[in-house]
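Okay, structure first, notes after.
Numbers for residues simply follow the sequence, beginning at 1. Basis for what follows: all heavy atoms, side chains included, without hydrogens, waters or symmetry-related copies. Note that the structure is a prediction, hence the values are computed from the model and not measured.
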Amino acid sequence: MSRTEALGFLAGAMVAGYSVVALLFARFWRKTRDRLFLIFSAAFCLLALQRFMLSMTAEAREGQLAFYLVRLLAYLLILWAIIDKNRADTR
């Protein structure tokens, strides 16, 4: 297996992993209707999308602005969900 094939396999595994986590959070949201789970699901969908887009480019450079911004948005969503959940608990 060449290095390129191995990197493609790992990228696919990461996309699958992020997608499974997103689906689990969506299932938890469906059961509880807690907004935290919905936002987490959206964040992991973005991370899966970012990994997929990165694997489909000819030059896989993670430092490219578009890939970085998608990942940053996902992390900001996670942060917002945690802050929102903690604020709701104090009310």
Side-chain angles (χ1 to χ4, degrees):
M1 180 181 289
S2 71
R3 183 176 189 271
T4 306
E5 290 172 339
L7 289 176
F9 176 77
L10 287 175
M14 289 180 75
V15 169
Y18 285 137
S19 299
V20 167
V21 172
L23 289 173
L24 284 173
F25 279 123
R27 189 176 92 186
F28 294 147
W29 172 76
R30 237 178 80 210
K31 286 183 179 179
T32 65
R33 295 294 182 199
D34 188 350
R35 188 168 45 185
L36 175 84
F37 296 129
L38 182 63
I39 298 170
F40 267 50
S41 178
F44 278 95
C45 282
L46 280 176
L47 289 171
L49 177 68
Q50 183 265 341
R51 240 342 121 174
F52 178 74
M53 289 182 341
L54 187 62
S55 68
M56 291 295 128
T57 58
E59 293 182 28
R61 285 190 262 158
E62 288 190 38
Q64 290 178 343
L65 185 61
F67 300 127
Y68 178 74
L69 289 177
V70 172
R71 190 179 320 149
L72 178 64
L73 178 62
Y75 292 143
L76 287 175
L77 274 175
I78 291 171
L79 184 62
W80 174 57
I82 293 169
I83 291 170
D84 183 58
K85 181 68 174 180
N86 286 329
R87 287 175 119 192
D89 286 344
T90 60
R91 291 182 200 162

TODO: Report whether Val70 and Leu77 are members of the same hydrophobic cluster (ILVMFWY, side-chain heavy atoms less than 4.5 Å apart, transitive linking).
DONE: yes
Task: Test item: Asn86 and Ile82 side chains (from C-beta on) under 4.5 Å apart, heavy atoms - done: yes
Task: Shared hydrophobic cluster for Tyr18 and Leu36 (ILVMFWY, side-chain gaps under 4.5 Å) - done: yes
Open item on the list: What I'd like to find out is whether the side chain of Phe67 reaches to under 4.5 Å of the side chain of Thr57, using heavy atoms alone.
Closed with: yes
Open item on the list: Students often mix this up, so state it plainly: with edges at 30° and 60°, are the rings of Phe40 and Phe25 parallel, tilted or perpendicular?
Closed with: perpendicular
Task: Distance in Å, Lys85 NZ paired with Ile83 CD1, rounded so as to fall on 0.5 Å steps - done: 14.5 Å
Open item on the list: Check for me whether Arg33 meets the cation-pi criterion with Trp29, that is, NZ or CZ under 6.0 Å from the six-membered ring centre and within 45 degrees of the ring axis.
Closed with: yes
TODO: Would you name the heavy atoms of Ala43 and Ile78 that are closest together and state the gap between them?
DONE: CB-CG1, 3.6 Å
- [ ] Say whether Leu76 and Tyr68 are linked into one hydrophobic cluster, either directly or through other cluster members, by side-chain heavy-atom distances under 4.5 angstrom.
- [x] yes
Open item on the list: Has Ser41 got a side-chain atom pairing as donor or acceptor with Phe37's backbone, closer than 3.5 angstrom?
Closed with: no
Open item on the list: Quick check: is Leu47 connected to Phe52 through a chain of hydrophobic side chains (ILVMFWY, heavy atoms under 4.5 Å apart)?
Closed with: no
Open item on the list: Working to the nearest 0.5 angstrom, can you tell me the gap between Leu46 CG and Met53 CE?
Closed with: 9.0 Å
Task: Phe44 reachable from Leu49 in the ILVMFWY side-chain graph, under 4.5 Å edges - done: no
Open item on the list: In the structure I gave you, are the side-chain heavy atoms of Arg3 and Leu7 within less than 4.5 Å of one another anywhere?
Closed with: yes
Open item on the list: For a side-chain contact (heavy atoms from CB on, under 4.5 Å) check, start with the C-alpha distance between Gln50 and Leu73, then their side-chain angles and the critical distance, and finish with the verdict.
Closed with: CA-CA 10 Å; Gln50 183 265 341; Leu73 178 62; over 6 Å; no
